[in-house]
Every structure is written in C-alpha cells, then in structure tokens.
Amino acid sequence: MKTTNSPSSNPVDSLVAAQPDVSATVSASAGTGKTWLLVTRIIRLLLADAEPGSILALTFTRKAAAEMQMRLQERLYQLAIADDSTLTELLAQAGITAIENNKIKSRELYERLLHADFPVRLQTFHAFCQDILSHFPLEADITPGFELIENTALLQQQALEELFAEATRNSQGKLAKDLDVLMQACNGPANTKTALNSMLGHRSDWWAFCEHCNDNAAHASQQLQKQLQIDVNTDPYTQFFSVVTREKLIDFTDLLRKHATKTNLSHAQQIEHALEAESLHQSAFQHLQAAFLTARCEPRTRKPSKAQAASMGNDGETAFLELHHHICTSMLDALEISKRIQALELNAVWYRTGQRYIELYQQLKRELRVLDFTDLEWNCYRLLNTADNAHWVQYKIDQRINHVLIDEFQDTNPTQWQLITPLLEEIAAGPSERARSFFLVGDEKQSIYSFRRANPELQRQASHHLAENVSAVAVRLDASRRSSPAIVEAVNAVFKQDEILRRMPEFSDHNTHLQQLPGSASLYPLCQLDHDAVQQADEFAATSLRNPLLAPRVINTRTARTDEARLIADQIDKFVNEQTLISAKDEACLLYTSPSPRDFSCNLVCRLLLE
C-alpha cells in the first residue's frame, strides 16, 4: 500500500503513517512535514494508551533529538491550553476524531508526560547503544562503568606513533617491511596516515567482514584473491612466454625486417635485444612491451597496406597481423594479471598494518576504560546478535519497547541497521500479544554522511523488508510546504537524470503546496582552479622573506569548493544588500551540481531568500 501527500491527492492520505496500529515507512523530501508526522505519530500512540517509556524514537544527531523533544512538548502544550474549537481543529489535523474522550485525553497528555516515571525516549542511535551497554556490560564483554570518548584524534595519534615505534624496535620484522612498502606506495607519511585512518574509520565493517576468523588480514587477502581471480603461484611473465614462444617472436622480427621502415627496424631491434636473454622473464617482457604497446598500454596500430603486402607477400602480411594481434592480446593479459597480483600484495600489506593499527588503538581505549561511537555500535550489535546471552538480552529489551520510530533513516549505516533488526523481528513475531509498531522516515536525497558509513540504499531495503515482515505501508511525502515551484522543478530536473535514476530508481516527481510562491533557479558552472598559478603562489610564499614577528605565514587555502562557496555567498550578499524584490524572474535559488552523481546530495544548494 502506498500513499502520498501530493496537493492533488486527499490531504489526509499521508496520515495513515501516523495511525498507532500501523507500521509504516515514509520517504519524505525536505519541507514536506516529516518531523510533524513523526511527532503526530507519537501523540497518537500516547492517545492510544501506549506507555511513554515504551516508545523509542531514534535519530542521528543530538540537535535532531532535541528538536523532536521540543516539537513534542510544544504540540502537547498546545493541546493542553487550546480552547474547544482550536482543540478540535488540532485533532483533525492529526487525523484524530474529536470525540469527548479524545479531547480529555489530549488535554492531559502534557501533564501525563511530565509526571511519567519513564518518559518517551527521544535518543540518538549512540545514546541508545550506550544505554543498552551500560545495563549489560558483562554480557557485552566490556568494562563496567566505561566512559564515552567523543574526540579520538589524540588516541589515534598515540596508536599511530606506537605502530611506528613497534616497527622501529624490530626493523627487520614483518611490520617494518609492510610499513616500508605502504609508505612507498602511498608516496610518503601523510598519505600512509590517511590510508591507515581510513581503515580505522571503517573498522566495524572490517570486524563484520572478518568475524569468526583467526587471522583477519589473511582472510581478507584470500577473499580479495578470489575476487581478482588470480593464482599467486603463477608468474604472468612465464605464462606469457609459454604462449608467445621465442620462435614466434623471431618470425615476427623477420616479417618486420622484410618491410624495412624506420619504425619497423627499431621495433625489430627491440625484440632482438629482448631475445638475447638466456631465460625469458620480466626484463625481456619489458623490452618487448615498447614494440607492441603504446605508452598508454594500448596495442600499436598495424594495418594492411599495399606496400607492406608487396614486401611481405599476402600470406606474410596476414601472418604478421595475426601474430601482432595474438602477441598484444597475450601481453595485455599478462599485464592485467601482474597488476592484479600487485594490487593483492599491496592490499595484503594494508590489511596487516591496518589490523595492527586497530589492535593498538583498541588496546589504548581498554587501558583508559573508554569506548568511542564505533565501539558503541559494534558492541551493541554483537550483544544483540551473536553473544551467548543474545536472546536473553533481546527479551529484556523487548519488554521495555513496544514502538520504534527512526528519523533520518537515510543516514543509517549497516551496523546500526543490524543492531535494530532483532527489535524488528520481535515486533514481527508477536503482534497479537500487545500493541507493537515500527516507523521509519528518511530521504535518500539527503544522505550526506557517507564518511560515517551511511548507506541510503538501506532505506529501500528496509522498506521492502518491513513490507514483507510486518505489513508496513509505504508513504511518500513529495509535496513541499516551504519551496516555490521553481525550486521543486530544479530538484526534479537534477534527480531525473539517467545517471542518478540508476542509483535512485524509486524517485518520483516532487510538487509543492505553494504554487503561487515566486522564485527561480540558476545553474552555475563548476569552478576550475589554475593549478599552475596556485603552485607559483605557493612557491613564492615559501621562498619570499618575511619578518615572522610581524607577518604571519601565508597559507593558501583556496580550492574549487571555496571558490564555489564564495560565488554563492556573493549572490546572497547581492540579494540582501540590494534588497532585491524576488519575482518569477529573479534569482531566488542557487543550484550547484557535481559531475559525479556519487555526491550529488552534498552539492545541491537550494535556498529561497524571502523575508
């Protein structure tokens, strides 16, 4: 079942998602009233006699949780002080029948919530995890009384220093050699640090991938080897020369000399030089490569011609072209296998050093009796899914929670989804025992936390999962209550591009309730930096003399993004200073799109400037 809040539809359609006896998944665009709908659902749950402490509402930032709390209190306060006609109108907006019993209950909700022993829990995901772990530390195999550390930069630096110190203490050990390889591949310590921190930042994915393995790095290398479809015991150059024999190369050289152009003679000499080696291996292969492939590793163009046929003969020319194609194909295959082996070896080094870095980082936190946000998620996931007492813990939590609501679901990462899944299973398993429900709302277009492993694809998967298991209804909120038609049309134009539709196949046209609101959209070009000029400015700043007591060091922070931000800021400043009257022909919206659909949601700036 799908409903919508489109202006052309019945305006109460979307309120089906607020019904307390219905589980729902809501895809809500910006400005369509998703927070209002979520708070309305909480109010209707309370009116349906749900215990405040049995309602759990999760979001992803403290600011969003505080906003939900404020919105809920404001709405309940309005109900408490409203006169009879206003109360009837407020209840009707929420889809509640304004019978006398509902009026009395709604007026009492504010006081009921203030005096509740266990209020509605409006929390972030991490606060929810922290609450569970603080109640079950031994079952989760963590230190009781742990503290949460939010800024981990110093611990990361300490772990990194210990990693290099450990390698220094045993300069001939495996870790030292691996770090040396990684340092050369990453072209210095800065990029090496970035690579290691990247692995540290995705350690919960790493743990999930290598769960139940004795050697995480070895397991990851084996899986990568399977994906690359290579045999590390096979030498690609030996394999090449088993197919392209010395005799074939001699035949090819003879044919080149028959058609004695300057290029052909040069290539013939290169092949003969390669064949001088007693055993044909990598060095011989590299000498041959220039004769058959371009600098871009593409086969050299060799075509039939009258002069060539006259020199080689028709049969000779045919054999020459076939031999060239055969050698080039075999050479490209060998290069591909070689690249895959190099990729496997480099990634194996990264796995080993990254794994050791993670171990040192985790050890430092254990010594300090602290957990970070990733630890909260991972330990809570393991507690609810794989621990020996998982079913008992699930039972204890399930007794406290009847209704789960998740806001900004597009920012969910895989670990968070897995730790909430047991609650869903309990809701699906026992609907007849007591009133249970699940509600999630999000907008794939607003997923901007990929650096926190957020995956907007999870929203679509979760919607399908809930529809199949708890008969959840799907609701789309695509009609904006704050944007002009110009902005909505711009959004539709961006997200209906083929490349983006492949990533968001369920995108549908957006609309607005404010059809008469003026505005327009402007598409600005991407800014391009003159890197030569920037480099010259940096070199001048580095070499010019200055008095460090009077003149600070000039650090160039200019990037293409800062130029684009300045362009938008200048346009906004123009509107404000000139007090421009915004009409249908004026610039009211700045639209910036990136050529990469991967981060389109980060780069769309739609701002209506109205007093």
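Worth knowing before you read on, the calculation uses all heavy atoms, side chains too, and leaves out hydrogens, waters and symmetry mates.
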Between atom [atom1] of [X] and atom [atom2] of [Y], what is the distance when rounded to the nearest 0.5 Å?
X      : Y      : atom1 : atom2 : answer
Ile132 : Gln394 : CD1   : CD    : 10.0 Å
Phe495 : Ser29  : CZ    : OG    : 9.0 Å
Ser27  : Leu477 : OG    : CG    : 8.0 Å
Leu376 : Phe373 : CG    : CZ    : 7.0 Å
Leu133 : Leu384 : CG    : CG    : 8.5 Å
Ile43  : Leu113 : CD1   : CG    : 10.0 Å

Worked verdict on Gln459 versus Gln461 for side chain to side chain donor-acceptor pair (under 3.5 Å): CA-CA 5 Å; Gln459 181 167 336; Gln461 295 176 5; over 6 Å; no
Would you say [X] and [Y] make side-chain contact, with heavy atoms under 4.5 Å?
X      : Y      : answer
Trp207 : Arg382 : no
Leu148 : His126 : no
Lys496 : Ile500 : no
Phe118 : Glu51  : no
Ile568 : Ile572 : yes
Lys193 : Gln157 : yes
Phe507 : Glu444 : no
Lys34  : Val26  : no

So does [Y] get a backbone contact from the side chain of [X], meaning a donor-acceptor N/O pair under 3.5 Å?
X      : Y      : answer
Arg112 : Ser106 : no
Gln93  : Leu90  : no
Arg44  : Ala94  : yes
Arg502 : Gln497 : no
Glu147 : Val370 : no
Asn492 : His510 : yes
Asn102 : Thr97  : yes
Arg41  : Gln19  : yes

Side chains of [X] and [Y], donor plus acceptor under 3.5 Å:
X      : Y      : answer
Thr40  : Arg75  : yes
Asn577 : Asp573 : yes
Gln362 : Asp375 : yes
Gln416 : Gln418 : no

More than 12 heavy atoms of other residues, nucleotides or ligands under 6.0 Å from [atom1] of [X]: yes or no?
X      : atom1 : answer
Asp498 : CG    : no
Phe209 : CZ    : yes
Glu111 : CD    : no
Lys105 : NZ    : yes

For [X] against [Y], the heavy-atom pair lying closest together:
X      : Y      : result
Leu458 : Thr412 : CD1-O, 3.5 Å
Leu37  : Ala17  : CD2-CB, 4.0 Å
Asp443 : Ala30  : OD2-N, 3.8 Å
Pro20  : His403 : O-CE1, 4.5 Å
Ala57  : Leu122 : CB-CD2, 3.2 Å
Ser437 : Val22  : CB-O, 4.2 Å

field: Arg121 bridged to Asp131 by N-O distance under 4.0 Å
entry: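 Here Arg121 pairs with Asp131 in a salt bridge, since their nearest N and O are under 4.0 Å apart.
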query: Charged N to carboxylate O under 4.0 angstrom, Glu67 versus Arg71?
result: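 Between Arg71 and Glu67 there is a salt bridge, with a charged N closer than 4.0 Å to a carboxylate O.
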message: Students often mix this up, so state it plainly: with edges at 30° and 60°, are the rings of Phe125 and Phe128 parallel, tilted or perpendicular?
response: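 Perpendicular, since the angle between the ring planes exceeds 60°.
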- prompt: Taking the inter-plane angle between the rings of Tyr77 and Tyr110 on a 0 to 90° scale, is it parallel (under 30°), tilted (30 to 60°) or perpendicular (over 60°)?
  reply: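 Correct class here is perpendicular.
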message: So, applying ring-ring contact (aromatic ring centres under 6.0 Å, His included) with Phe409, which one of Phe438, Phe439, Trp417 is it?
response: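 That would be Trp417.
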message: Please evaluate residues Leu371 and Ile142 with respect to the criterion side-chain contact (heavy atoms from CB on, under 4.5 Å), reporting the C-alpha separation (whole Å), side-chain torsions for both, the decisive distance (0.1 Å), and the verdict.
response: CA-CA 9 Å; Leu371 298 179; Ile142 60 175; 4.0 Å; yes
query: Thr152 and Asp372: side chain to side chain donor-acceptor pair (under 3.5 Å), yes or no, with the steps?
result: CA-CA 7 Å; Thr152 61; Asp372 62 16; 5.3 Å; no
query: Pick from Val488, Leu517, Ile487, Thr32: which one makes a side chain to side chain contact (heavy atoms under 4.5 Å, CB included) with Thr512?
result: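 The option that passes is Val488.
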- prompt: Does the pair Glu74 and Val39 meet the rule for a side-chain contact (heavy atoms from CB on, under 4.5 Å), with working shown?
  reply: CA-CA 10 Å; Glu74 287 178 349; Val39 173; over 6 Å; no
field: side-chain contact (heavy atoms from CB on, under 4.5 Å) assessment of Leu46 paired with Ile55
entry: CA-CA 9 Å; Leu46 293 171; Ile55 301 173; 3.9 Å; yes
message: Determine whether Asp398 and Arg436 satisfy the following criterion, side-chain contact (heavy atoms from CB on, under 4.5 Å), listing intermediate values before the conclusion.
response: CA-CA 10 Å; Asp398 181 61; Arg436 315 289 299 278; 2.5 Å; yes
